[in-house]
Amino acid sequence: MSNAFDARFYDRHVADVAQRLIGAALSLDGVGGMIVETEAYDRDDPASHSFAGATARNAAMFGPAGHAYVYRSYGLHWCFNIVCRPGAAVLVRALEPVSGIPAMIRRRGMEDLRSLCSGPGKLCQALAIGGEHNGLPLAHGSLRLELPDRPCEVTAGTRIGISKARDHNWRFGLAGSKFVSRAFPTTR
DNA sequence: GAGACGATTGGCT
DNA sequence: GCCAATCGTCTCA
């Protein structure tokens, strides 16, 4: 059984890792929940920050697997990624709140559970993830990641908010979850 | 040093 | 569905 402490877990295609992270538990200082939505970004992916090579901002993407890559989006939001192979990372887009919910409500300024973590910027605000967490390991410390015992039922779709390589079905969600940032196209 | 742009969100029509 | 907010990063001069 693979776990988040095992570097080998990340040594597979990033889209595969993104699927396996659905159902995992993510938390910071005891505040967190279950990952219900992810997106994969690969080294040779025009939509990825790493596509043009390593820079000061994306250095963490080329660092050790199983570490965090946190960046600021649109000047005001933070987005949280899990680094896999060099230049590849999984963007965590949504959580189902599980623990520390009062803290999330306080930070987000709203009570609706579905609005607490249903988006990459939202979950970072709810968990108080910021630039100081960029490059930190997820295996120990205040940032925790625990993989599910068994794979969850996952639905796939196209990634959101990008202008390049829109054709890849590299967005993954927990089937039937109400906590995703946007509904997946009805499958089957 | 200047200019363009973005893996978003929340409010308004 | 449309659009403004807001600023770090990157590119080019």
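Below, read A as the first sequence line, B as the second, and so on, with proteins coming before strands; counting in each chain starts at 1. The shown structure was predicted, so the numbers you read here are calculated from the model rather than taken from an experiment.
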| said: So if I define the base as every atom that isn't primed, P, OP1 or OP2, how would nucleotides 8-13 of chain B read as a B/S/- string at a heavy-atom cutoff under 4.0 Å? | reply: BSS---

| field | Listed partners of A/Ile105 passing side chain to side chain contact (heavy atoms under 4.5 Å, CB included), at least two apart | value | A/Ile101, A/Glu111, A/Leu116

| query | Who passes salt bridge (Lys or Arg N to Asp or Glu O under 4.0 Å) against A/Asp45, sequence neighbours left out? | reply | A/Arg159

| For A/Ala128, which residues count as a side chain to side chain contact (heavy atoms under 4.5 Å, CB included) partner, sequence neighbours excluded? | A/Arg107

| field | Basic-acidic side-chain contact under 4.0 Å: A/Asp112, A/Arg114 | value | no

| task | Fill in the dot-bracket string of DNA chain C, one character per base: . for unpaired, | for a pair to another strand, ( ) or [ ] for pairs within the strand, taking Watson-Crick or G-U pairs under 3.5 Å. | result | |||||.||||||.

| request: Check every nucleotide of DNA chain C for an atom under 4.0 Å from a heavy-atom of chain A, then give the first and the last such nucleotide from 5' to 3'. | output: C/dT6 to C/dC10

| query | According to the side chain to side chain donor-acceptor pair (under 3.5 Å) rule, which pairs have a member within residues 21-33 of chain A, sequence neighbours left out? | reply | none

| message | Holding to side chain to side chain contact (heavy atoms under 4.5 Å, CB included), I want the full list of residues that pass it with A/Pro151, two or more places apart in sequence or in another chain. | response | none

| In chain order, what residues pass the side-chain hydrogen bond (donor to acceptor under 3.5 Å, both in side chains) check against A/Tyr69, with sequence neighbours excluded? | A/His49

| message | Once side-chain hydrogen bond (donor to acceptor under 3.5 Å, both in side chains) is applied, do any residues pair with A/Asp44, and if so which ones, sequence neighbours excluded? | response | none

| task | Return the set of residues passing side chain to side chain contact (heavy atoms under 4.5 Å, CB included) with A/Ser118 (not counting sequence neighbours), or none when no residue passes. | result | A/Lys122

| task | Sequence neighbours left out, what passes salt bridge (Lys or Arg N to Asp or Glu O under 4.0 Å) with A/Arg108? Give chain and number order. | result | none

